[in-house]
Amino acid sequence: MPRELLIQALSDALSQAQSAGDLPESPSPEVDLQTPRDPRHGDFSTSLAMVVASETGRPPREVADTLVRHLDLPEGLAESVNIAGPGFINFVLSPTWLRRLVRRVLEEGEDYGRSDTGRGQRLLLEFVSANPTGPIAVVQGRAGALGDALARLFERTGWIVSREYCVNDALNSTRVQRFAETLEARYLQQLGRQAAVPEDGYQGDYVIDMAEQLVAAEGDKYLGMARDERLAALTEYSLQKIVADQQRDMADFGVTFDTWFMESTLYDDDEVSQAVETLNAAGHTYEADGALWLKATAFGDEQDHVLIRKDGRPTYLAGDIAYHKNKFDRGFDRLIDIWGPDHQGHVRRTRAGVQAIGYDPSRFEILIHQIVRLFRGSEMVRMSKRAGDIVPLSGLIEDVGADAARFFFLMQSMESHLDFDLELAKKRAADNPVYYVQYAHARICSILREAADRGVSLPNISDADLDRLGEPDELALMRKLADLPHEVSEAAQRYEPHRMTRYARELAATFHGFYTNCRVLSDDTELTAARLALVQAALTVLRIVLTIIGVSAPEKM
RNA sequence: GCGCCAGUAGCUCAGUGGAUUAGAGCACCAGACUUCGGAUCUGGGGGUCGGGGGUUCAAAUCCUCCCUGGCGCGCCA
């Protein structure tokens with residue numbers, strides 16, 4: 001790939017200039033290669049000379065001149081190298097190299113842009129992991145879109161990725177208990193009994209729906225039970241039902257998991273108490289106020305936290321430490337969790353716990369995505385499940401479709417708040433950028449169909465003389481195709497899947513521009529074959545990107 | 001009070017040290033096709049990058065103080 005080749009060549013040029021005595025010795029800076037905003041500044045540009053200049057006290061343009069003199073570029077890579085402005089070195093890729101790239105995309109197909117930076121290491125990506133107390137909400141859809149895209153990005157950069165959803169089904173969980181009590185109240189109400197939803201229960205109407213279904217399926221069979229027995233039965237029923245619904249919600253969104261991890265298994269297998277035992281033995285705990293505490297402050301947290309409550313029940317933190325130990329013990333080289341904004345306060349203590357129990361914190365990353373705020377017109381919709389007005393992901397999918405929802409969730413960086421106007425998204429579905437990208441795909445498919453109808457066959461395309469490609473719009477499209485590998489590795493490395501939606505839009509725009517100015521099917525059979533080859537390459541790359549972001553690639557719209 | 005995130009064009013957002021004019025989409029205005037899909041393309045207007053100070057050859061980007069908004073701060077999850 002040109003980027004890597006240029007960085008290598010520049011770095012070599014610097015050391016050669018130094019050993020030849022043309023430049024004073026100085027700490028070698030990392031070569032910063034950027035793609036200039038202004039295309040007149042070339043395809044790639046580096047500020048290396050300015051950095052070296054400031055370290056050595058030489059004039060930047062003179063340093064740039066020296067570097068270029070020592071530069072030994074691979075044959076056919078660059079058309080021109082020049083020094084500009086205060087001391088930038090600009091590179092223009094040669095058309096020859098770009099034509100070779102088209103050939104390469106066609107040869108590699110779906111594998112184009114893969115890299116092996118992960119070297120087959122195993123990554124466990126945990127995301128969504130909603131509490132089993134209601135349907136998947138819109139904000140968790142954002143986590144689903146992010147996690148799925150990130151998983152694909154890591155897969156394309158050489159990692160073996162496992163996707164995991166953790167179900168917090170531990171029976172000592174207050175939330176689970178409160179939910180069972182809520183369902184009990186709704187159930188009794190359905191049967192005409194006096195009952196009230198607990199103060200801190202779940203106000204959402206979906207619990208009423210669940211109670212209705214429960215009555216329809218099981219009648220009044222829970223009525224005669226003792227309260228403890230009834231709550232236990234309802235807990236089991238609601239866990240099973242809600243998890244099944246969550247699985248369906250995620251599947252409808254096109255997000256699938258390798259593992260639905262049941263938190264309760266950590267308790268069944270005694271892993272939580274073993275984890276606490278390990279922490280005790282390592283001296284990272286102490287007793288106070290009748291509870292057992294983790295010395296999180298010894299690992300960079302601002303305060304210590306309780307592991308075992310006064311009444312002997314472990315806290316969520318204890319369970320989470322055991323859970324992450326379990327993940328590492330399954331042999332994963334690296335863990336990434338994607339959490340919602342309401343868990344931001346847990347990042348430090350969880351990292352502290354994982355470190356305390358003996359794992360290298362650099363192998364464990366917690367990514368926090370920000371909230372999704374829903375608007376109906378100008379009115380903001382509250383999303384707390386506990387307040388009752390939960391907006392389920394399934395409703396959003398019905399409104400705008402899974403493709404638009406996924407694209408939208410990935411359009412901005414995860415640390416930005418996302419304002420989603422339901423009315424707007426519904427009313428102007430045709431304006432959604434996802435259609436712009438999908439249209440480019442459908443358009444290419446249409447050209448290829450038309451070509452087939454006219455009897456232009458694909459073997460001709462692979463034999464095409466790509467030297468016929470040289471129009472500005474053709475070169476622009478080739479350059480955009482050349483960007484994919486770098487875009488993918490940047491998006492993965494920086495945990496920024498939103499780069500892919502931007503790239504998708506740019507690629508579509510570049511294609512639409514090409515389409516407008518360069519007629520593909522014409523009487524010139526050689527040119528037709530060459531352009532078909534380019535179009536085929538664009539199709540390949542577009543499909544790769546749409547696959548990564550989890551949006552369908554329709555052949556007709 | 002403390003912590004995290006955000007504040008960039010009318011709106012939604014990119015851009016985390018680089019190039020006289022800070023980008024994109026939407027919206028608005030003006031244009032483009034007798035041939036491969038007009039869900040397209042071309043051009044235009046529109047911004048004291050929340051504010052002050054600092055570091056640097058170079059700051060939307062780094063440091064610092066302040067302002068505004070969101071989220072979190074439990075022996076809940």
Side-chain angles (χ1 to χ4, degrees), chain A residues 32 34 36-38 40-41 45-47 50-51 53-54 59-60 84-88 90 129-133 168 170 173-178 200 263 288-293 302-303 305-320 340-348 368-371 373 386 408 411-421 424 428-433 435-440 442-451 453-454 494 498-499 501-502 505-506 508-509 511-522 528 531-532 535 556-557:
Chain A
D32 163 56
Q34 46 192 304
R37 283 211 187 94
D38 189 335
R40 282 172 307 183
H41 297 137
S45 172
T46 182
S47 59
M50 283 130 85
V51 178
S54 74
F88 291 99
N90 297 334
S129 300
N131 283 323
T133 53
N168 300 122
S173 150
T174 313
R175 295 277 169 100
V176 170
Q177 289 170 9
R178 210 62 74 229
D200 52 351
E263 189 195 15
D289 305 326
L292 185 73
W293 295 68
E302 288 180 338
Q303 46 186 313
H305 301 278
V306 170
L307 288 169
I308 305 290
R309 299 172 175 104
K310 204 162 20 182
D311 64 9
R313 289 152 59 227
T315 59
Y316 176 73
L317 175 63
D320 230 18
D342 50 336
H343 284 66
Q344 168 265 123
H346 290 254
V347 172
R348 281 195 184 154
I368 300 284
H369 67 81
Q370 291 301 318
I371 56 168
R373 292 190 299 189
R386 313 208 96 195
F408 208 103
M411 277 210 308
Q412 44 195 280
S413 58
M414 69 176 92
E415 60 265 20
S416 283
H417 301 181
L418 175 57
D419 286 343
F420 204 128
D421 187 331
L424 196 71
R428 314 167 97 167
D431 286 340
N432 195 304
Y435 293 98
Y436 181 80
V437 175
Q438 289 181 319
Y439 181 62
R443 211 175 203 186
I444 293 174
C445 291
S446 168
I447 295 171
L448 295 176
R449 276 194 303 271
E450 181 67 22
D453 286 350
R454 297 187 189 184
R494 301 164 69 136
H498 73 275
R499 285 168 171 269
T501 51
R502 200 167 67 247
R505 284 197 285 175
E506 288 168 3
F511 173 76
H512 286 311
F514 158 80
Y515 178 89
T516 302
N517 293 321
C518 299
R519 194 181 163 78
V520 178
L521 304 175
S522 69
T528 298
R531 285 185 172 166
L532 277 173
V535 162
K556 292 180 181 177
M557 294 171 69

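Residue numbers begin at 1 in each chain, while the letters A, B, ... track the order of the sequences. The basis for the numbers below is simple: all heavy atoms, side chains too, and nothing from hydrogens, waters or symmetry mates.
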Could you state the [atom1]-[atom2] distance from [X] to [N], rounded to the nearest angstrom?
| X | N | atom1 | atom2 | answer |
| --- | --- | --- | --- | --- |
| E506(A) | G15(B) | CD | C1' | 11 Å |
| H369(A) | C71(B) | NE2 | P | 15 Å |
| R502(A) | A14(B) | CZ | P | 9 Å |
| L418(A) | G7(B) | CG | P | 14 Å |

Looking for any heavy atom pair under 4.0 Å, which part of the strands does [X] touch: base, sugar-phosphate only, or nothing?
| X | answer |
| --- | --- |
| D453(A) | nothing |
| H305(A) | nothing |
| R505(A) | sugar-phosphate |

Taking the [atom1] atom of each, how far is [N] from [M], in whole Å?
| N | M | atom1 | result |
| --- | --- | --- | --- |
| U20(B) | U16(B) | C1' | 24 Å |
| G17(B) | A58(B) | C1' | 8 Å |
| G23(B) | U61(B) | C1' | 15 Å |
| C28(B) | G10(B) | P | 16 Å |
| G47(B) | G15(B) | C1' | 15 Å |
| C2(B) | C66(B) | P | 9 Å |
| G18(B) | A22(B) | P | 15 Å |
| U64(B) | A59(B) | C1' | 15 Å |

Return the set of residues passing side chain to side chain contact (heavy atoms under 4.5 Å, CB included) with [X] (not counting sequence neighbours), or none when no residue passes.
| X | value |
| --- | --- |
| V306(A) | A291(A), W293(A), T315(A) |
| T46(A) | L10(A), V31(A), L33(A), L48(A), I89(A), F91(A) |
| Y515(A) | R443(A), I447(A), F511(A) |

What's the spacing between [X] [atom1] and [Y] [atom2] if we round to 0.5 Å?
| X | Y | atom1 | atom2 | result |
| --- | --- | --- | --- | --- |
| H512(A) | Y436(A) | NE2 | OH | 4.5 Å |
| S413(A) | R494(A) | OG | CZ | 11.0 Å |
| S129(A) | E263(A) | OG | CD | 10.0 Å |

Tabulate atom names and distances for all N/O pairs under 3.5 angstrom spanning the protein and nucleotides 34-37 of chain B.
| residue | atom | partner | partner atom | Å |
| --- | --- | --- | --- | --- |
| U35(B) | O2 | R519(A) | NE | 3.2 |
| C36(B) | O4' | R519(A) | NH2 | 3.0 |
| C36(B) | O2 | V520(A) | N | 3.4 |
| C36(B) | O2 | L521(A) | N | 3.0 |
| C36(B) | N3 | V520(A) | N | 2.9 |
| C36(B) | N4 | Y515(A) | O | 2.8 |
| C36(B) | N4 | C518(A) | O | 3.3 |
| G37(B) | OP1 | S446(A) | OG | 2.5 |
| G37(B) | OP2 | S446(A) | OG | 3.2 |
| G37(B) | O2' | Y439(A) | OH | 2.3 |
| G37(B) | O2' | R443(A) | NE | 3.2 |
| G37(B) | N7 | S446(A) | OG | 3.1 |
| G37(B) | O6 | M557(A) | N | 3.3 |

task: Measure distances between side-chain N and O atoms of S45(A) and base N and O atoms of A19(B), and say whether any donor-acceptor pair falls under 3.5 Å.
output: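 Under the 3.5 Å cut-off, the side chain and the base do form a donor-acceptor pair.
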
Would you list the protein and nucleotides 28-31 of chain B atom pairs, both N or O, that sit under 3.5 Å from each other?
none

Atom pairs under 3.5 Å, N or O on each side, protein against nucleotides 1-6 of chain B: can you list them with distances?
| residue | atom | partner | partner atom | Å |
| --- | --- | --- | --- | --- |
| G3(B) | N2 | Q344(A) | NE2 | 2.3 |
| C5(B) | O2' | E415(A) | O | 2.4 |

query: Checking side-chain contact (heavy atoms from CB on, under 4.5 Å) for the pair L418(A)/Q412(A): CA distance, chi angles, key distance, verdict?
result: CA-CA 8 Å; L418(A) 175 57; Q412(A) 44 195 280; 3.1 Å; yes

For [X], check salt bridge (charged side-chain N to carboxylate O under 4.0 Å, His left out) against everything at least two apart and list the hits.
| X | result |
| --- | --- |
| D311(A) | R313(A) |
| R348(A) | E302(A) |
| D342(A) | none |
| R519(A) | none |

task: Could I get the full list of side chain to side chain donor-acceptor pair (under 3.5 Å) partners for S446(A), not counting sequence neighbours?
output: none

statement: Annotated structure of RNA chain B as dot-bracket, pair cut-off 3.5 Å, Watson-Crick or G-U only, | for inter-strand, is ((((((((.[[[[.)..(....]]]].(((((.......))))).....[[[[[..)....]]]]])))))))....

task: Please figure out whether V306(A) or R499(A) has its closest RNA chain B nucleotide nearer the 5' end.
output: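 Closest to the 5' end, via its nearest nucleotide, is R499(A).
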
Side-chain ion pair, D200(A) and R178(A), N-O less than 4.0 Å: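 A salt bridge is present here (some side-chain N lies under 4.0 Å from a carboxylate O).
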
task: Kindly say if R494(A) contacts the phosphate of U16(B), meaning a side-chain N or O under 4.0 Å from OP1 or OP2.
output: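 So the side chain of R494(A) is within the cut-off, an N or O lying under 4.0 Å from OP1 or OP2 of U16(B).
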
